[in-house]
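As structure tokens, the structure follows; a few thoughts come after it.
Counting from 1, the numbers follow the sequence of the chain as shown.
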Amino acid sequence: MFHLEEELKKLPGKPGVYLMHDASDEIIYVGKAISLKNRVRQYFQKSRNVTPKIQRMIERIAWFEYIVTDSELEALVLECNLIKEHSPRYNTMLKDGKSYPFLKATIQEAYPRLLFARQMKRDGNKYFGPFTSGRAIRDTIELVNQLFHLRNCRKTLPRDIGKERPCLYHQIGQCPAPCQGYIGEEEYRKNFEKALKFLQGDTKEVLRELTEKMECAAKEMQFEEAAGYRDLIQSVQAVTERQKITSDDTEDRDIVALARGGDEAVVQVFFIRSGKLIGREHYYLTGVEEEENSSVLSAFVKQMYSGTPYIPKEIWTEEEVEDADAILEWLSSKRERKVYFKHPKRGEKNRLLELAKRNAYLVLTKDAEKLKEEHAKTIGAMEEIQSLLHLRGLERVESYDISNINGFETVGSMVVFENGKAKKNDYRKFRIRSVSGPDDYGAMEEMLTRRFEHSRREGLSELDSFRHLPDIIFMDGGKGQIHVAEQVLEQLNITIPVCGMVKDDHHRTRGLYFHNQEIPLDTHGQGFRLITRIQDETHRFAIEYHRQIRSKNQVHSILDDIPTIGEARRKALMRAFDSLEDIKNADFDTLRALPGMNDRSAHAVVHFFEEQKTKGEEE
């Protein structure tokens, strides 16, 4: 039993992370503290002024736990990991899970290559990026290989020189075939060094050479060749434009700007690498209402850079970032070099921040209507249902259905919606074991009993969907199904409201059945549309699972009809022979020699196919 006052007295005055749980054991908030004793106790002081959002969270806290760390830095790292793992509903959450690839120059190889890389590693090679588009990297690699005649094969050189004939790229004049020794290591590396200079932004020499070659080819009436050089020039110019210089220095930095609207926010990031803008990206944040900008920026920076392999030297923001010292210490340890926050207020640097901010507001404004529509379809729809049923706090909905054909292979489905959105990772399938024949009520009783008994097991993972109890249960049926669900819950001493989704004669959603009465629905309302989606999804999921079961049972081999031939021996036969015809023609000695076969099973195979042959001849 958790006694709040007693647990508060036990809190240590040390740094660490605290986790707030609700009555269903869901982690609803994760925070860090320099002193756990001071920080956690503040939530339960009646005299403390808190935002409505925090007050709502406090009202849901059933118990808390904490993890002591040796320093504030360790607490910050642990907080980042726990937020990422549990996605607590009262933390400010980054909605995007993007990762950014790199262009890797394998300078450690004798004949280096340019490769696409998902991560930047400390392996002695040179990396460019991160890029915001994998396509941009592949286009750049293709262009640079073409310009500087670099290889793109996987051969290990010089070990594999001369082992195979040259590839197609050599035949079309794009690769000098180092795999054949047609170009020496020193000469090849000179070309590669030029490619590296090009990737670092030195494109003038390349453009000059290509222009001269284009003009020379045109003078010699080689118009197709001239057009090829023209296309290369245009590709180089496109790369140059993408890498437009934005600063007179060569530092790596991210420019971070925030735009807010209600409970949503957009963060726009400009990626500056070696003084050049290589791309931009926007991110959505939720749960920002009533939070200070410094707190929102802090949450963004921690979640953003806990998941990216590259940390720039500088991060520019308009305002101070909450917990800046601890965050910089953490980022510096990840980068293994010093990282700085900067807040430009004037000049060219401030102009870049303003540009990023304008872009953030453009994204927020453009998506405002879409976000509003999404809210109406999800949370707004749940609020409509709450109002109809005179209930509060409905967030997690579980819906159940049974599927069978004349009682054959009865299966059940459980689908989950949270805040009006399908949560497909929490869907579950049930193969009914105790019921035979067309007994939907018995099958539903088994499924619900198994589901809710499972929720009481000890040591369930946070990721186990059975751990979290629903706020309401929707049954794809009327009074009978509701009665079965209520009986199961009563036997297990669990209190959850149960509601039936009623259909009309055309099998379309008509209303809800709750507390022994049918509640009509506004067929034009978002609540009705959400119930229809839940009902259709529950039915679809059950039918799909039943179809899978039927398909598996219909996969039948003629070998299964042979006495003494089980799954292991059937597999041995299929591995040993190329076709069924070969098995039919095999003699006793050949069959007896197979792994797992004995005299009896070998005789059974020979006899079975002899009988098959005899029957065929008689027919």
Side-chain angles (χ1 to χ4, degrees), residues 24 389 396-417 422-424 426-457 460 464-519 531-554:
S24 65
L389 302 178
R396 182 182 174 97
V397 175
E398 289 184 5
S399 179
Y400 298 87
D401 192 17
I402 296 294
S403 180
N404 62 63
I405 296 178
N406 297 325
F408 172 73
E409 291 290 4
T410 302
V411 299
S413 69
M414 163 184 146
V415 305
V416 180
F417 277 65
K423 193 175 183 184
K424 296 195 175 184
D426 281 6
Y427 285 17
R428 289 296 180 267
K429 304 169 183 174
F430 296 82
R431 196 162 184 173
I432 303 305
R433 304 165 183 161
S434 63
V435 176
S436 59
D439 182 3
D440 284 2
Y441 291 163
M444 184 64 74
E445 181 180 3
E446 180 193 323
M447 174 167 61
L448 293 174
T449 302
R450 284 164 57 190
R451 183 265 178 268
F452 289 106
E453 283 184 342
H454 189 116
S455 69
R456 295 184 163 187
R457 294 181 186 175
L460 289 181
D464 192 325
S465 71
F466 288 147
R467 175 175 177 169
H468 307 289
L469 294 179
D471 299 311
I472 190 168
I473 294 171
F474 281 178
M475 305 300 295
D476 189 29
K479 295 180 186 178
Q481 298 281 27
I482 294 172
H483 181 64
V484 169
E486 288 175 339
Q487 276 190 320
V488 170
L489 293 173
E490 185 178 352
Q491 288 168 6
L492 297 174
N493 198 26
I494 296 172
T495 304
I496 299 172
V498 182
C499 190
M501 298 180 289
V502 185
K503 294 178 181 177
D504 60 19
D505 295 337
H506 301 286
H507 211 68
R508 293 176 301 203
T509 304
R510 183 179 75 198
L512 293 175
Y513 195 84
F514 188 57
H515 287 170
N516 295 317
Q517 62 177 344
E518 185 174 324
I519 301 170
I531 291 166
T532 301
R533 287 199 299 275
I534 293 172
Q535 193 168 32
D536 290 346
E537 181 68 354
T538 309
H539 191 59
R540 178 201 66 77
F541 193 54
I543 295 271
E544 185 180 273
Y545 182 41
H546 193 257
R547 189 178 294 123
Q548 289 174 1
I549 296 294
R550 293 202 313 270
S551 297
K552 286 180 182 177
N553 288 340
Q554 287 165 2

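Summarising the geometry, atom CD1 belonging to Ile534 is positioned 10.0 Å from atom SG belonging to Cys499; distances are rounded to the nearest 0.5 Å. The distance from the CD atom of Glu398 to the CG atom of Asp471 is 9.5 Å, given to the nearest 0.5 Å. The NE2 atom of His483 lies 9.5 Å from the CD atom of Glu445; values are rounded to the nearest 0.5 Å. Rounded to the nearest 0.5 angstrom, Phe452 CZ and Ile496 CD1 are separated by 4.5 Å. Atom CD in Glu537 sits 5.5 Å away from atom CZ in Phe417 (nearest 0.5 Å). The CZ atom of Arg533 lies 13.0 Å from the OG atom of Ser399; values are rounded to the nearest 0.5 Å.
By the 4.5 Å heavy-atom criterion applied to side chains, Leu389 and Pro497 are not counted as neighbours. For the pair Phe474/Asp476, no side-chain contact is recorded, criterion being any heavy-atom separation below 4.5 Å from C-beta on. Side-chain contact between Leu448 and Met475: present, with at least one pair of heavy atoms (C-beta onward) separated by less than 4.5 Å. For the pair Glu518 and Leu512, the minimum side-chain heavy-atom distance is 4.5 Å or more. Taking the side chain as every heavy atom from C-beta outward, Arg451 and Phe430 approach each other to under 4.5 Å.
Ring-plane geometry between Phe541 and Tyr427 is classed as perpendicular, the angle between the planes exceeding 60 degrees on a 0 to 90 degree scale with a lower cut at 30.
Met414 and Arg396 get closest at one heavy-atom pair: CE-NH2, 4.2 Å. When every heavy atom of Asp401 is checked against every heavy atom of Met447, the shortest pair comes out as O-CE, 3.7 Å. Of all heavy-atom pairs spanning Ser455 and Phe466, the tightest one is CB-O, 3.0 Å. Pairing each heavy atom of Ile482 with each of Val498, the nearest pair is CG2-CG1, 4.0 Å. Arg450 and Arg431 make their closest contact through NH1-O, 3.2 Å (heavy atoms, listed as atom of the first residue, atom of the second, distance). When all heavy atoms are compared, the tightest approach of Ile402 to Gly412 is CD1-CA, 4.0 Å.
The backbone N or O of Thr538 sits less than 3.5 Å from a side-chain atom of Ser413, completing a donor-acceptor pair.
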